[in-house]
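Have a look at the structure below before the remarks.
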Amino acid sequence: MTASRITRRFSERAAEGRAALVPYVTAGFPELDTTGPLLEALADAGADVIELGVPFSDPLADGPTIQASSFRALENGVTVARVLEMVRAFRAARDTPLVLFTYLNPVYHYGMEAFCRDAAEAGADGILLTDLPAGSDPELEGALARAGLDPIRLLAPTTPDARIGLVAQGGRGFLYYISRTGVTGARAELRTELADEVDRLRARVGLPVAVGFGISTPDQARAVAEVADGVVVGSALVQRLEAGGVEGAAAFVAALRGAMDGAD
Amino acid sequence: MSTTAAPSGRFGPFGGRYVPETLMAALDELEAAWAHARDDADFHEELGALLRDYVGRPTPLYRARRLEAAVGAGPIYLKREDLNHTGAHKINNTMGQVLLARRMGKGRIIAETGAGQHGVATATACALFDLDCVVYMGAEDVQRQALNVYRMELLGAEVRPVSSGTRTLKDATNEAIRDWVTNVGDTHYIIGSVVGPDPFPRMVRDFQAIIGREARAQMLETAGRLPATVVACVGGGSNAMGIFHAFVDDADVELVGVEAAGEGVDSGRHSATLSAGSPGVLHGALSYLLQDDDGQVAPAHSVSAGLDYPGVGPEHSWLKDSHRARYVSVTDDEALAAFHALSRLEGIIPALETAHAIAHVSTLGASHGDRGPILVCLSGRGDKDVAHVARVEGRDLPRG
């Protein structure tokens, strides 16, 4: 199997001694037609991998910001089919890897194999299902493993050592380490144990480790970039998008990029 | 047929653990604590003493002769869970889970509530054992169940209204899960029904199974036989699983779950998950679910806040698909009529949830013939609903 677009991008960044920047945005927020120009602007501002949220009515792993963006996007009429159209349009314009970030039910309802096939065909590169933990469903996880998309797996501070191997085994592209217990959302401070935890994890797994949840400023992004292979920024970006539109979001991503690249 | 969940926590294909990674360790911890307690005589002795001396068990089995005459079928026996302390079956589960939380060393309890009965039962158990208690409740339910909100506060709990989504039980459950993900180290989440990720559906069922165990023995003693039919309302389905469980292996006993048809199953404004839903994943389990063509959870509706839920316990999904139980639905109007009927005929004001079960029994009439006794789970009393029913029916009660 040739290396995926996500794997190649992480390798390139690693070779340059830089961490990958992974912004998250909710598809269809704040307006349906924002997402197209937004994705291109994020790519141009220095995003390495973009997580595109497929909104779900019951986002129980998300804090207030991404909940609100999801509800708004659903009110705007976003559907799985429309998200796939957005992916297709973006792929025609840019080669930045895209990960679809969502919950199991919309994918289950669409059909796991059909969803992965259609998403890959549209030009998506990875899929992250927040509520399909490793070992929970061999059938669905098997379909995911056979898919032409990288399954992005989550690890949490509460994941016992004995589970780390199981989680890592089912993942491709990169592993997403949740920086703290809790839901998504911007936070003023990062936990002091984070660096040690990420170090231990990187020694254990054969995949790049990106860290997310709560990273909200260029300074925090720089601090995380010093210890991790990738930095995920979601809620803080969605807030900038709401306040400052596509331009504001792109400027924020550029600021994160600048801070991270000054990290070495 | 056995409905006992396999080690994977499945009932047939249903159930499972579809949760954020952060919770996986806590579910393992809970499963281990429950497995240990289940085989521990001391645990059962402690729980049994509480249920007897504090909750008031066993609850009576009462033959409702005036209801029989009005319905034209019978005999009809009511399992009086409304006579439990706090007025519903919910406390059977909260007592058990609070004892488990103490064993796990968790000093903080969270819960979701719809009608408020589970919230009150949780707040009660937390008062008794001096545990911090936070109850999440949909903002709409806070309005229609104001009395229960105040009861929870009197008991020392903090009630947090949830204004996201549909502002009802579904969203309160989302918010409780978010709290648990955040505070999982010191917090136990007492789910109030046979829903959620494994081990909750089988654990809550086991705590509620005392309803059916008692009722089965009482039927044999009083009527000299098993019931022909067991009827219970189903929202998440805990009182129904509680009373069904003891009869599942009695092949001749018909099990009937009654869902809320709201304004009618065809109206799109209902909570009849098993009757009109399709399999999907919500709140950690694969089960029947009300959802739209894009896999978004559809808003539920019922006059009864406790049934106003678009999901259902996974074991019910399995009982349906394996044809061991059947599920019917009754509308808001039929439930309201039954609420009045039971009040006038038997002097028992039922919870609006429970009124759905009574409403179904009221339709049996001659069709039931002489098939034998009907056992109904009278899951809760209706004091909490009096003001709401008055409002729905256009009566303005003076503020007391």
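Reckoned from all heavy atoms, side chains included, excluding hydrogens, waters and symmetry mates. Per chain, numbering begins at 1; letters A, B, ... match sequence-line order.
Within the 4.5 angstrom heavy-atom criterion, no atom of A/Val107 approaches chain B. Heavy atoms closer than 4.5 Å to chain A are found in the backbone of B/Asp293, but not in its side chain. Contacts of A/Arg153 with chain B are absent, with no heavy-atom separation under 4.5 Å from either backbone or side chain. If you measure heavy-atom distances from A/Thr130 to chain B, the contacts under 4.5 Å come from the backbone alone. Residue contact with chain B, scored on non-hydrogen atoms closer than 4.5 Å, involves the backbone of A/Pro55 exclusively. Contact annotation for B/Val297: both backbone and side-chain heavy atoms come within less than 4.5 Å of a heavy atom of chain A. Contacts of B/Pro279 with chain A are made by both backbone and side-chain atoms, with heavy-atom separations under 4.5 Å. No part of A/Tyr110 comes within reach of chain B, as not one of its non-hydrogen atoms sits under 4.5 angstrom from that chain. For A/Ala134, the part lying near chain B is the backbone, with the side chain staying farther off; criterion is any non-hydrogen pair under 4.5 Å. Contacts of A/Leu74 with chain B are made by side-chain atoms alone, with heavy-atom separations under 4.5 Å and no backbone atom involved.
Looking only at atom types and distance, the side chain of B/His118 has no donor-acceptor partner in the side chain of B/Asn93 under 3.5 Å away. Between the side chains of A/Ser69 and A/Thr26, at least one donor N or O lies within less than 3.5 Å of an accepting N or O. In the model, B/Ser164 has no side-chain atom that pairs as donor or acceptor with a side-chain atom of B/Glu175 under 3.5 Å. Side-chain atoms of A/Tyr103 and A/Asp62 form a donor-acceptor pair, as typed in the model, at a separation below 3.5 Å. A/Tyr176 and A/Glu51 are not linked by any side-chain donor-acceptor pair at a separation below 3.5 angstrom, with hydrogens and angles left out of the test.
Heavy-atom pairs under 4.5 Å with chain B peak, among A/Gly63, A/Ala68, A/Pro64, A/Pro59, at A/Pro59. Residue with the most contacts toward chain B among A/Thr79, A/Asn105, A/Leu104, A/Thr158: A/Asn105 (heavy-atom pairs, distance under 4.5 Å). Most heavy-atom pairs under 4.5 Å with chain B, from the set A/Pro160, A/Ser70, A/Ser136: that is A/Ser136.
Sparse packing is recorded around CD of A/Gln169, with 12 or fewer heavy atoms of other residues, nucleotides or ligands lying under 6.0 Å away. No more than 12 heavy-atom neighbours from other residues, nucleotides or ligands sit within 6.0 angstrom of CD on A/Glu242.
Across every non-hydrogen atom of B/Ala26 and B/Val184, the tightest pair is CB-CG2, 3.3 Å.
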Step by step, work out the side chain to side chain donor-acceptor pair (under 3.5 Å) result for A/Gln220 and A/Ser216.
CA-CA 7 Å; A/Gln220 289 174 341; A/Ser216 51; 3.1 Å; yes
